[in-house]
Structure formats: structure tokens, C-alpha cells
K.L.:
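Sharing a structure, written as C-alpha cells. Questions coming.
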Amino acid sequence: MRIDKLLAHAGYGSRKEVKKLLKERAVHVNGEVVTDPKTNVDPNKQEIIINGEQVLYKEHVYFMMNKPAGFLSATEDNVQKTVVDLLDLEDLRYNPFPVGRLDKDTEGLLLLTSDGQLAHQLTSPKKNVPKKYFAEVIGLVAEEDVERFKAGVKLDDGYVTKPALLEIIKADDISEVFVTITEGKYHQIKRMFSAVGKKVKYLKRIQMGTLELDQTLQTGEYRELTKEELEQLRSIQGQPGDSADFPL
């Protein structure tokens, strides 16, 4: 890969800014000064140093975050805080973005990556990737609600959702449930419960595909995905209308 492209991708500035670093003789490859932006390098085999700092090149980054309430699932906003504001500066240089979105007041599993291809695979409606949530619901959740979710719920705009799996943990004035859906309409779970006469008090995503939220992550914390977790996500193969990974 060309040295200017690699350094720009690694977050050391625009191509123009990288060329300035090269001109200033700030870049060393295997101990030798490099000034030509067209120089080809292999970051896996060669040591690249900028102003005394070793360049640790990654083609893409993949982070699992335990998203807190009060943050937008976006890369920037002029008024409100976003999940990207929770990232360290060294991770921001890769320009990661949230995969899909969680509502501002929803907590839990959120993926952030710079890999657009994987993000598309995970969010494409054709893939039917299941997403599991824990919810506290105001109102007594009953078996009839389970059946209605399984059949698909008609929302306030007339849209009928795909089948959803509703599991009752505790049925009471404040019920506790798991909900698994394969799509992501605006405020979908809240609107589904509203359609059956109930209100969501608390919502947290705990699983996406086979990837489960790391329970050791405190709210607002994040970490890189392990190699095994990344392979799990890349192995998701959905087909139009196929919900084989969704046990209804």
C-alpha cells in the first residue's frame, strides 16, 4: 500500500497533511527516512515510525459498546451527545460509526466499526439478523401478547411488523420480558407494546445475531471485538424471507 494512503487511513491526516509530514522527514520505514508519498510499504512486515511514534495499522476497527441512555447513535450532532463522544482519541482516528441505531434512551449492545461492508451485512433487511432486548413494561404481559407478537403487530402507521419472539420473565404490574425482532423500525419495540396497550419503561439490547453483550462492560464502556466474535458476525448468512436463526 502507498505510504500516503496508509497514513491517511490510519488517521494521521488528509493526503495533503500526510504529504507535509513526509516532506518534513517525519516518517521512517525500517529506520530509513521516507519522503516519497508513492512509496509502497507493508505495515505487517515493516516498522513505520512518525515523529518517534510507531504506526499500528488496522484496516478496520470493530468495537462493542454498552451504550448508555442519553446518547445518540450517530457520529456527530450539533446539540446532543453521540456515542462517538465516548471513544478515545486513538480510536476516533479510524472514523468508526454505529452499526444501525439504538434510540437515545435505549441502552445496551451497540457495534461501532469503520467496515462499511460488514455494517451493511448486519443491517440489511434481507439478512433478517435477530436482535434481542430486555425490557421492563408497564402492564401485565400475557400469553395473548406473545401470540400477537408472533403473528406480527400492526403499528400506529398501519405497518405490520415481521413476527417477533416475546418471552415473559415476570408478569406483573411492571413486567419483565425478552423481545427478539429481525427488523428495526423507528421505536419499534415501544410501538409494538403500545399497540397492545402497554408502555415500555426500560429497554436494553443484549444480543445481535449470535453476539452477546459483554456483561463485564459497564454502561458507557467499550472494547474491541475478539477474533472469534468478529468471525461470528461475518458468518451471518441470511436470505430474503429466511428467519432460520430466529426460533419462533
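Position 1 is the first residue of the sequence, and the numbers go up from there.
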K.L.:
Please check if atom NE2 in His120 has more than 12 non-hydrogen atoms from other residues, nucleotides or ligands closer than 6.0 Å.
P.N.:
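Open: at most 12 neighbouring heavy atoms sit under 6.0 Å from NE2 of His120.
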K.L.:
Return yes when atom NZ of Lys190 has more than 12 non-hydrogen atoms of other residues, nucleotides or ligands closer than 6.0 Å, and no otherwise.
P.N.:
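Counting neighbours around NZ of Lys190, more than 12 heavy atoms of other residues, nucleotides or ligands fall under 6.0 Å, so yes.
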K.L.:
Would you call Leu233 and Thr210 a side-chain contact if the rule is heavy atoms closer than 4.5 Å?
P.N.:
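Leu233 vs Thr210: side chains apart.
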K.L.:
Got a sec: does the CD of Glu76 have more than 12 other heavy atoms crowding it under 6.0 Å?
P.N.:
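Counting other residues, nucleotides and ligands, CD of Glu76 stays at 12 neighbours or fewer.
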K.L.:
If you round to the nearest 0.5 Å, how far is CZ of Arg205 from CG of Leu213?
P.N.:
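Interatomic distance, Leu213 CG to Arg205 CZ, rounded to 0.5 Å: 10.0 Å.
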K.L.:
Keeping to residues at least two apart or across chains, list the side-chain hydrogen bond (donor to acceptor under 3.5 Å, both in side chains) pairs with something in residues 139-149.
P.N.:
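For residues 139-149: Asp145-Lys198.
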K.L.:
Can you name the one residue among Arg191, Gln188, Glu183, Lys154 that meets side-chain hydrogen bond (donor to acceptor under 3.5 Å, both in side chains) with Tyr159?
P.N.:
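It is Glu183; the other options fail the test.
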K.L.:
For residues Gly139 and Ser175, report the shortest heavy-atom separation together with the two atoms involved.
P.N.:
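Of all heavy-atom pairs spanning Gly139 and Ser175, the closest is O-OG, 2.7 Å.
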K.L.:
Using 30° and 60° as the class boundaries, would you call the ring planes of Tyr222 and Phe63 parallel, tilted or perpendicular?
P.N.:
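Perpendicular, since the angle between the ring planes exceeds 60°.
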K.L.:
Taking a hydrophobic cluster as the set of Ile, Leu, Val, Met, Phe, Trp and Tyr residues connected by side-chain heavy atoms closer than 4.5 Å, whether directly or through intermediates, do Leu230 and Met64 fall within one such cluster?
P.N.:
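Yes, because Leu230 and Met64 connect within a single hydrophobic cluster, where side-chain heavy atoms sit under 4.5 Å apart.
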K.L.:
Could you grab the distance from atom CZ of Phe178 to atom CG of Leu166, nearest 0.5 Å is fine?
P.N.:
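Result: 11.0 Å between the selected atoms.
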K.L.:
Do the non-hydrogen side-chain atoms of Thr82 and Pro98 ever get within less than 4.5 Å of each other?
P.N.:
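In short, these two side chains do not touch, never coming nearer than 4.5 Å.
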K.L.:
Looking at Asp105, is its backbone amide N or carbonyl O close enough to the side chain of Asp103 to form a donor-acceptor pair, meaning the two atoms are under 3.5 Å apart?
P.N.:
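Absent.
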K.L.:
Rounded to the nearest 0.5 Å, what separates atom NE2 in His187 from atom CG in Asp156?
P.N.:
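Rounded to the nearest 0.5 Å, the NE2-CG separation comes to 11.0 Å.
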K.L.:
Under 6.0 Å from the six-membered ring centre of Phe71 and within 45° of its axis: does the NZ or CZ of Lys104 meet both?
P.N.:
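No - Lys104 does not lie over the ring of Phe71 by the 6.0 Å and 45° rule.
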K.L.:
Report yes or no: do Leu22 and Val29 belong to one cluster of Ile/Leu/Val/Met/Phe/Trp/Tyr joined by side chain heavy-atom distances under 4.5 Å?
P.N.:
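Yes, Leu22 connects to Val29 through the hydrophobic network.
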K.L.:
Can you sort out the partners of Asp85 under salt bridge (charged side-chain N to carboxylate O under 4.0 Å, His left out), two or more places apart, ordered by chain and number?
P.N.:
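For Asp85 there are no salt bridge (charged side-chain N to carboxylate O under 4.0 Å, His left out) partners, ignoring immediate neighbours.
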K.L.:
What salt bridge (charged side-chain N to carboxylate O under 4.0 Å, His left out) pairs are there with at least one residue in residues 42-55, not counting sequence neighbours?
P.N.:
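Qualifying pairs, neighbours excluded: Glu53-Arg93.
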K.L.:
I need the minimum non-hydrogen distance between Ile181 and Ala164, along with the two atoms involved.
P.N.:
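Scanning both residues, the minimum pair turns out to be CG2-CB, 3.9 Å.
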K.L.:
Quick one: CG on Leu102 to CG on Leu109, what's the gap to the nearest 0.5 Å?
P.N.:
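Leu102 CG to Leu109 CG: 7.5 Å, rounded to 0.5 Å.
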K.L.:
Can you tell me how far the CE atom of Met1 sits from the OG1 atom of Thr39, to the nearest 0.5 Å?
P.N.:
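It is 14.0 Å, given to the nearest 0.5 Å.
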K.L.:
Among pairs that include at least one residue of residues 18-36, which meet side-chain hydrogen bond (donor to acceptor under 3.5 Å, both in side chains), considering only residues two or more places apart or in two chains?
P.N.:
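Listed by first then second residue: nothing to list.
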K.L.:
Can you find a pair of side-chain heavy atoms, one from Asn128 and one from Lys162, that are under 4.5 Å apart?
P.N.:
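Yes, their side chains come closer than 4.5 Å.
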K.L.:
Is there a path of hydrophobic side-chain contacts, each under 4.5 Å between heavy atoms, that joins Ile206 and Ile169?
P.N.:
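Yes, because Ile206 and Ile169 connect within a single hydrophobic cluster, where side-chain heavy atoms sit under 4.5 Å apart.
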K.L.:
Got a second to check how far Glu228's CD is from Leu211's CG, nearest 0.5 Å?
P.N.:
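Between Glu228 CD and Leu211 CG, I get 12.0 Å after rounding to 0.5 Å.
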K.L.:
Between Phe134 and Lys204, is there a cation-pi geometry (under 6.0 Å to ring centre, at most 45° from the normal)?
P.N.:
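Output no; distance or angle outside limits.
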K.L.:
Please identify each residue that fulfils side chain to side chain contact (heavy atoms under 4.5 Å, CB included) with Asp173, with sequence neighbours left out.
P.N.:
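Once residues adjacent in sequence are excluded, Asp173 has no partner under the side chain to side chain contact (heavy atoms under 4.5 Å, CB included) criterion.
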K.L.:
Do any N or O atoms from the side chain of Asp115 and from the backbone of Leu118 form a donor-acceptor pair under 3.5 angstrom?
P.N.:
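Checking the backbone N and O of Leu118 against the side chain of Asp115, a donor-acceptor pair under 3.5 Å is found.
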K.L.:
Give a yes or no on whether a salt bridge exists between Asp4 and Lys38, defined as a side-chain N under 4.0 angstrom from a carboxylate O.
P.N.:
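Salt bridge flag = no for Lys38 with Asp4.
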K.L.:
Side chains of Tyr133 and Gln207: any donor to acceptor distance under 3.5 Å?
P.N.:
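Per modelled atom types, Gln207 and Tyr133 side chains form no pair under 3.5 Å.
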K.L.:
Mind checking whether Lys132 and Met208 have side chains closer than 4.5 Å, heavy atoms only?
P.N.:
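Sidechains of Met208 and Lys132: no contact.
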K.L.:
Hey, is the main chain of Val153 close enough, under 3.5 Å, to the side chain of Thr161 for a donor-acceptor pair?
P.N.:
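Confirmed, Thr161 side chain pairs with Val153 backbone.
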K.L.:
Could Lys199 and Phe193 be counted as a cation-pi pair, given that NZ or CZ must be under 6.0 Å from the ring centre and within 45° of the axis?
P.N.:
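No; the conditions do not both hold, so Lys199 does not lie above the ring face of Phe193.
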K.L.:
Honestly curious: do Ile174 and Ile168 fall in one hydrophobic cluster under the side-chain, below-4.5 Å linking rule?
P.N.:
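No, Ile174 and Ile168 fall in different hydrophobic clusters.
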K.L.:
Gly209 and Val129: which non-hydrogen atoms are nearest, and at how many Å?
P.N.:
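So the two residues come closest at N-CG1, 3.8 Å.
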K.L.:
Find out whether Leu6 and Pro43 are in side-chain contact, i.e. whether some heavy atom of one side chain is under 4.5 Å from a heavy atom of the other.
P.N.:
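Yes, side chains in contact.
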K.L.:
If a pair satisfies salt bridge (charged side-chain N to carboxylate O under 4.0 Å, His left out) and one of its residues is in residues 208-226, list it, with sequence neighbours excluded.
P.N.:
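Matches after skipping sequence neighbours: Lys58-Glu224, Asp214-Arg223, Arg223-Glu229.
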K.L.:
Hey, are the side chains of Ile50 and Tyr12 touching, using non-hydrogen atoms and a 4.5 Å cut-off?
P.N.:
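Ile50 vs Tyr12: side chains touch.
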